[in-house]
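Report on one structure; see the data block that follows.
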Protein chains: 2
Amino acid sequence: MKTEKIDKKQAILEAAEKLFCETGYEGTSTRQIAKESGANMAMINYYFGSKEGVFIEIMNNRIAGFASQLRIINEDKISSLEKLHKVIEGYTNRILANTAFHKMMHRELSLTQRPEMYDKIKDAMGQNMLLIDRIITDGIEDGSFNKVDVRMVIATIMGTITNIVIAPNKVVPCSNFDLNNPKDKKIIKERVIAHLQDLTTVYLTAKK
Amino acid sequence: MKTEKIDKKQAILEAAEKLFCETGYEGTSTRQIAKESGANMAMINYYFGSKEGVFIEIMNNRIAGFASQLRIINEDKISSLEKLHKVIEGYTNRILANTAFHKMMHRELSLTQRPEMYDKIKDAMGQNMLLIDRIITDGIEDGSFNKVDVRMVIATIMGTITNIVIAPNKVVPCSNFDLNNPKDKKIIKERVIAHLQDLTTVYLTAKK
DNA sequence: GGAAGTTAATCAATCGTTTGATTAATTTTG
DNA sequence: CAAAATTAATCAAACGATTGATTAACTTCC
């Protein structure tokens with residue numbers, strides 16, 4: 001017989017991620033997820049135990065791929081500035097390649113419910129911050145960077161990228177661009193990277 | 001008898017804003033709002049027509065107070081840099097004085113439901129961006145600022161502040177500070193302002 | 001006394017989840 | 001190999017609980 005077979009489980013995950021991003025976790029019903037994925041409602045609980053189980057699986061999958069990328073940079077024999085530029089490039093690329101998830105993550109971060117999820121995100125972000133912190137601190141200690149408020153610089157780098165992703169297209173820098181259009185996204189991505197690299201170069205190395 | 005008298009309406013608004021911020025709009029039930037405010041459930045519909053009516057009223061009130069503050073600055077006879085510094089100070093002060101609302105606003109901005117609300121926030125933000133845009137553009141034109149990607153600089157300013165408000169205390173710059181503690185909040189506020197003023201000064205006026 | 005404010009009780013709708021049954025594929029057995 | 005037994009996947013229907021909203025009666029106040 002013709003058996004649809006392949007991965008209704010995956011279909012549920014993908015539909016749920018899309019819906020959670022668009023309308024939020026509590027704003028999405030299991031019936032919507034079922035309809036969107038083409039699966040029966042019961043399959044959600046069959047595979048994931050609960051609606052929250054779906055959410056947790058999505059976040060875990062994403063966060064796993066999240067953590068495993070930037071580490072090597074800090075071992076290269078390049079200047080602190082070059083390291084920082086590489087991190088900016090990598091970080092921007094990764095976030096703009098997953099804007100939907102990034103929105104979801106930040107939304108979750110601004111809520112007090114589901115503390116378990118909150119902690120997970122916190123830890124993932126914390127690691128990235130630590131990496132950047134070390135690069136900048138090293139640069140300051142060896143005299144190649146100005147003395148700056150390191151944690152604030154980090155907030156600036158991350159905040160800029162997040163702002164581009166979350167704030168509405170019409171409001172934000174690239175007025176007529178659309179992050180859902182791959183071509184526009186590429187342009188925005190390069191613009192963000194260029195800006196942040198220029199900004200950090202000037203701010204960290206300009207003679208006062 | 002005891003007449004509670006004093007503004008059950010206001011109590012509902014305040015309770016709802018608190019809850020909406022903590023657990024989101026769909027994550028908050030009218031029964032929770034009633035309990036938290038000490039009002040009967042029916043009072044919500046009596047005064048605001050619906051749950052969404054409460055939400056809209058909260059947002060409208062806030063946005064109204066939002067728009068009416070920064071305008072004067074651009075008329076002062078001061079340098080572009082001083083104007084920008086004033087805007088940064090005013091903007092940071094306002095956002096950190098209303099962190100709960102700011103979280104709510106940003107969450108709403110990352111959702112696709114309630115487009116009416118989305119547009120309202122978009123317009124409010126757009127006006128602030130336009131103000132900053134003009135100040136920086138003027139500075140570039142009269143030669144006092146370097147040529148920069150203006151909209152990206154704006155994203156950096158706004159993104160940095162938002163990042164401080166939304167990202168978790170333990171992750172974000174001021175590691176052991178708590179935005180709910182008034183004393184800590186004051187310290188963070190001044191640190192953000194100092195950082196952004198320093199950053200913009202260096203980036204916009206440093207000789208290359 | 002009548003308008004405004006407040007209440008408990010109730011409403012239909014929807015929520016996430018569970019159920020019992022059915023189908024299709026796989027494994028075991030004789 | 002094929003019949004029997006077992007497992008996994010899927011489904012429609014229903015569950016109890018909760019949702020936002022409404023009702024109608026009661027109280028308070030001018």
Side-chain angles (χ1 to χ4, degrees), chain A residues 1-60 104 107-108 111-117, chain B residues 1-60 104 107-108 111-117:
Chain A
M1 292 298 115
K2 209 284 191 40
T3 43
E4 199 57 53
K5 189 100 199 86
I6 357 172
D7 259 350
K8 218 137 215 172
K9 192 177 172 183
Q10 191 59 30
I12 292 174
L13 283 174
E14 285 167 16
E17 178 165 343
K18 177 176 172 241
L19 289 168
F20 285 159
C21 171
E22 286 173 356
T23 54
Y25 175 77
E26 358 272 337
T28 302
S29 74
T30 53
R31 283 166 180 81
Q32 286 177 278
I33 297 174
K35 178 178 261 183
E36 175 83 21
S37 67
N40 186 280
M41 264 179 48
M43 301 309 292
I44 294 171
N45 298 81
Y46 178 73
Y47 281 124
F48 305 99
S50 66
K51 178 186 174 186
E52 192 175 15
V54 181
F55 183 68
I56 290 175
E57 180 127 339
I58 291 172
M59 296 297 271
N60 282 347
M104 235 173 80
R107 201 157 46 222
E108 195 62 19
L111 296 171
T112 57
Q113 58 215 144
R114 291 184 289 283
E116 161 202 7
M117 202 75 272
Chain B
M1 286 289 110
K2 58 102 211 261
T3 41
E4 202 55 56
K5 189 82 200 97
I6 15 167
D7 258 344
K8 219 139 213 169
K9 191 176 174 183
Q10 191 60 28
I12 292 173
L13 282 174
E14 284 168 15
E17 179 165 342
K18 177 176 172 240
L19 289 168
F20 285 159
C21 171
E22 285 172 358
T23 55
Y25 175 77
E26 358 272 337
T28 302
S29 73
T30 52
R31 282 167 180 79
Q32 285 176 278
I33 297 174
K35 178 179 261 184
E36 175 82 22
S37 67
N40 187 280
M41 261 185 55
M43 301 306 292
I44 294 171
N45 299 81
Y46 179 72
Y47 281 124
F48 305 99
S50 68
K51 179 186 173 184
E52 193 175 12
V54 180
F55 183 67
I56 291 175
E57 180 127 339
I58 291 172
M59 296 297 271
N60 282 347
M104 235 172 80
R107 199 157 48 223
E108 195 61 20
L111 297 170
T112 59
Q113 59 216 143
R114 292 183 289 281
E116 160 202 7
M117 202 76 271

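Predicted model only: the values in this text are computed from it and were never measured. The chains referred to below are lettered A, B, ... by the order of the sequence lines, with proteins before strands, and numbering in each begins at 1.
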## Note on the structure
Distance col, row B/Arg31:CZ vs B/Ile44:CD1, nearest 0.5 angstrom, shows 9.5 Å
### Task
Spell out, as yes or no, whether a donor-acceptor pair under 3.5 Å connects the side chain of B/Ser37 to the backbone of B/Ala15.
no
### Task
For A/Lys35, check side-chain hydrogen bond (donor to acceptor under 3.5 Å, both in side chains) against everything at least two apart and list the hits.
none
### Task
Could you tell me whether the phosphate oxygens of D/dT10, OP1 or OP2, come under 4.0 Å of any side-chain nitrogen or oxygen in A/Tyr47?
yes
### pair A/Leu13-A/Gln10: side-chain heavy atoms closer than 4.5 Å
yes
### Query
For the pair made of CD in A/Gln32 and C1' in C/dT17, what is the distance, rounded to whole Å?
17 Å
Tabulated below should be each protein N or O lying under 3.5 Å from an N or O of nucleotides 21-24 of chain D; please produce it.
{"from": "D/dA21", "atom 1": "OP2", "to": "B/Lys51", "atom 2": "N", "distance (Å)": "2.8"}

### Separation of atom CD in B/Glu26 from atom P in C/dG16, rounded to whole Å
11 Å
#### Entry: B/Lys35 NZ - C/dA8 P separation (whole Å)
13 Å
### Query
Expressed in angstrom and rounded to an integer, what is the separation of A/Ile12 atom CD1 from C/dG16 atom P?
14 Å
### Query
For A/Tyr46 and D/dA8, is the shortest distance between a side-chain N/O and OP1 or OP2 below 4.0 Å?
no
### d(CD1, B/Ile33; C1', D/dT18) in whole Å
15 Å
#### Entry: Any B/Ile56 side-chain heavy atom under 4.5 Å of B/Arg114 side chain
no
### Query
Within 45 degrees of the axis of the six-membered ring of B/Tyr25 and under 6.0 Å from its centre: does B/Lys51 put its NZ or CZ there?
yes
## Note on the structure
When rounded to whole Å, the NZ to C1' distance for the pair A/Lys8 and D/dA8 reads 14 Å
### Message
If you only use heavy atoms from C-beta on, which nucleotide in D/dC11, D/dT19, D/dA9 is closest to the side chain of B/Ser29?
### Response
D/dT19
